[in-house]
Amino acid sequence: MERTCYYFPVGLLLATSMVVMGAADIRTDTSAIVALRDHIVSDPHLILAKNWSISFSVCDWIGIICDSGRQRVVALNISNMGFAEGMSHLRRLSFMALSNNNLMGEIPSWLGILDRLQYLSLRENNFFGDLPTNICDNLPNLKELDLSGNQLSGQMLSGLSNCSGLKSLNLSSNQFSGYIPKAVGNLKMLEELHLGDNILKGSIPEEIGNLQSLRVLSITSSNLSGSIPREIGNLTMLEGVDFRNNSLTGPIPNEIGNLLKLESLNLGESSLSGSIPVAIFNISTLRMLDLFYNNLSGVLPLNMCHGPHNLEDIFLGWNNFSGAIPVSISNCSKLTEIYLHSNKFSGPIPNSIGNLRRLEILDLSANNLTSESSSPELDLFTSLKGCISLRVIAVRDNPLNGVLPRSIGNLSISVESLGVWNCGLKGNIPDSIGNLSNLAFLRLGDNSLTGSFPTTIWGLQKLWYLDLINNSLSGLLSGDLCGLQSLEYLHLSQNQISGSIPRCFNNLTSLRYLDIAFNRLTSTLPMSLWDLKSLVYVNLSTNFLRGPLAPEMGELKNLTRLDLSNNQFSGKIPITIWSLESLDHLSFGV
């Protein structure tokens, strides 16, 4: 649920704004806010100029909230107005936030006189220095404190040990240093704790297990080391845990399986080892499991999706997992993203994945996976037609060793990316690939594909990246390529393509990268080639191209690399070559 934020810029302290207790009324509040208005130096949205006029009651001003009964200012809501300076001494405020302005300096110690404050946010400013040691002494009602996105430094949680009533604390994205103190365990009312993106050291203290009301625990990108404390299993109210991008070591505690309300577990980008506790897969509320980029190993349990499950996203890439991908993965019917790349998984890719109708991204790259069928045709692509929401298929660097079936054209029209390079593909590229009209990224390089370009390739009007390098494709360089006006990268090197470069190549107005090296191209270069002003990289080396080079090549002002070596060009090198000021690699040699 979106939180209503109340904003109040703080800067200069004016004597005219002091509240006289006892005799105070709306006139006193008006005087204080007028003093604030008069010291704001930036009003980019003209809020002050158009609305903050003493001709109207201060309670009618944008951003001012009054008590309907007593007509006293109780809160200010001036979110993202860009104010640069101001002041505050409205002692009845219960909600105040100064977020997303241009405030700087140390946190003012006089905040302590606002003893009715329940919510205070200084988020996204330029406050610096240590926290005031007495920040909580006079704020007995403070429930939520957000100091994130500043330049605060010193010992984390300094001065906050007396904030025993806090329910939400956010100190992330600052420059706090040192250890997380054991005293964090004293904040037993906390429901949310965010300490990430600081310059910490040491481990997560065991005392974190005392915070049994905690729902959200986030300590990201803070250089934490050591193991995850087993006491985390005491936090049975937890819904989200995020420790990503640290240097945590050791196993994932089995006690995490006690967190039966957990929805998100993010332990990615650390140095965790061991296997995934089986109990984690029994948490039916879990929606996102991110263990990306660790040193985890072992196999996935055969019944990993046994019983009711809400798992939507699973990120296990860049680990050392082995064994088969369980057929039961299809029982997690809500899966939308599967990332199992860069592991040691082996055996067949389960065709049951095709039952995941909500699946959008499937990345099984860089494993030892094979096809489930003994047939030469890869039935994986036949089964995936059941994934009607699929956008990305990545199975590169697996020994699939088969033929792309004609049924590949029956994949969902939503498929945008197809990466099947270095998979031992054989045979022709099916004509039906032209049915994938939303395809933007196609990589079939480093295989053993034969035959010529399918004429239906012109149907891929959204294609911007085409990689067919290092195959055995033959025939002419198809003029059908000229219809791909979104194409930016064309990689066709190391094939057996013959004939000439089509004159219609000048239709490829978006082309930036052209690589047709190591083929059997003949004839002269078409003048239209030099019309492609977006070209940055051109490699036509090791062909049988001939004839003179046109002076117009000097018009490719964005060109950084030009390789025309190992051809049969004649005549002189055009003097216009010296006008290619961006060029850092040039080769005409043999």
Working for side chain to side chain donor-acceptor pair (under 3.5 Å), residues Asn470 and Asp446: CA-CA 5 Å; Asn470 195 21; Asp446 295 307; 2.9 Å; yes

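- Every side chain to side chain contact (heavy atoms under 4.5 Å, CB included) that Thr560 has, sequence neighbours left out, goes to Val536, Ser582, Asp584.
- Partners of Glu377 by salt bridge (charged side-chain N to carboxylate O under 4.0 Å, His left out), not counting sequence neighbours: none found.
- Scanning for salt bridge (charged side-chain N to carboxylate O under 4.0 Å, His left out) contacts around Glu206 gives an empty result, with sequence neighbours left out.
- Nearest heavy-atom pair across Leu378 and Pro405 is O-CG, 3.4 Å.
- Lys533 approaches Leu556 most closely through the heavy-atom pair CA-CD2, 4.2 Å.
- Closest approach of Leu514 and Phe505 over heavy atoms only: CD1-CE2, 4.1 Å.
- For the side chain to side chain donor-acceptor pair (under 3.5 Å) test with Thr220, the passing option among Asn246, Asp197, Asn245 is Asp197; the others fail.
- Using the six-membered ring where Trp is involved, His341 and Trp318 have ring planes that are perpendicular, over 60° apart on the 30 and 60° scheme.
- Among Leu562, Asp563, Asn539, Leu564, the one residue that satisfies the side-chain contact (heavy atoms from CB on, under 4.5 Å) test with Ser587 is Asp563.
- The two atoms that bring Pro502 and Pro526 nearest to each other are O-CG, 4.1 Å, heavy atoms only.
- Looking at Lys462, Glu416, Gln461 one by one, the single match for side chain to side chain donor-acceptor pair (under 3.5 Å) with Asn438 turns out to be Lys462.
- Residue pairs satisfying the disulfide (SG to SG under 2.5 Å) criterion with at least one member in residues 475-526, sequence neighbours excluded, are listed as follows: Cys482-Cys504.
- The two atoms that bring Leu311 and Met288 nearest to each other are CD1-N, 4.2 Å, heavy atoms only.
- Using a 4.5 Å cut-off on side-chain heavy atoms (C-beta onward), Asn566 and Phe518 make no contact.
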Residue pair Arg287, Glu263: steps toward the salt bridge (charged side-chain N to carboxylate O under 4.0 Å, His left out) verdict: CA-CA 5 Å; Arg287 293 186 296 105; Glu263 297 180 9; 3.3 Å; yes

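- Using a 4.0 Å cut-off between a side-chain N of Lys or Arg and a carboxylate O of Asp or Glu, Glu360 and Arg391 qualify as a salt bridge.
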Verdict with supporting geometry, Glu192 and Arg215, salt bridge (charged side-chain N to carboxylate O under 4.0 Å, His left out): CA-CA 6 Å; Glu192 293 192 25; Arg215 293 184 297 103; 3.5 Å; yes

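- Closest of all the heavy-atom pairs between Leu272 and Thr249 is CD2-O, 3.6 Å.
- Ring-centre distance between His491 and Tyr465: below the 6.0 Å cut-off.
- Contacts of Arg546 classified as salt bridge (charged side-chain N to carboxylate O under 4.0 Å, His left out), with partners at least two apart in sequence or in another chain: none.
- Note on Arg230 versus Glu255: salt bridge recorded, some NZ/NE/NH1/NH2 to OD/OE distance being below 4.0 Å.
- Applying the side chain to side chain contact (heavy atoms under 4.5 Å, CB included) test to Asn355 and every residue at least two apart in sequence or in another chain returns Ser330, Ser352.
- For the atom pair CG (Leu460) and CG (Leu481), the distance works out to 10.0 Å, reported to the nearest 0.5 Å.
- At least one donor-acceptor pair closer than 3.5 Å links the side chain of Asn343 to the backbone N or O of Phe321.
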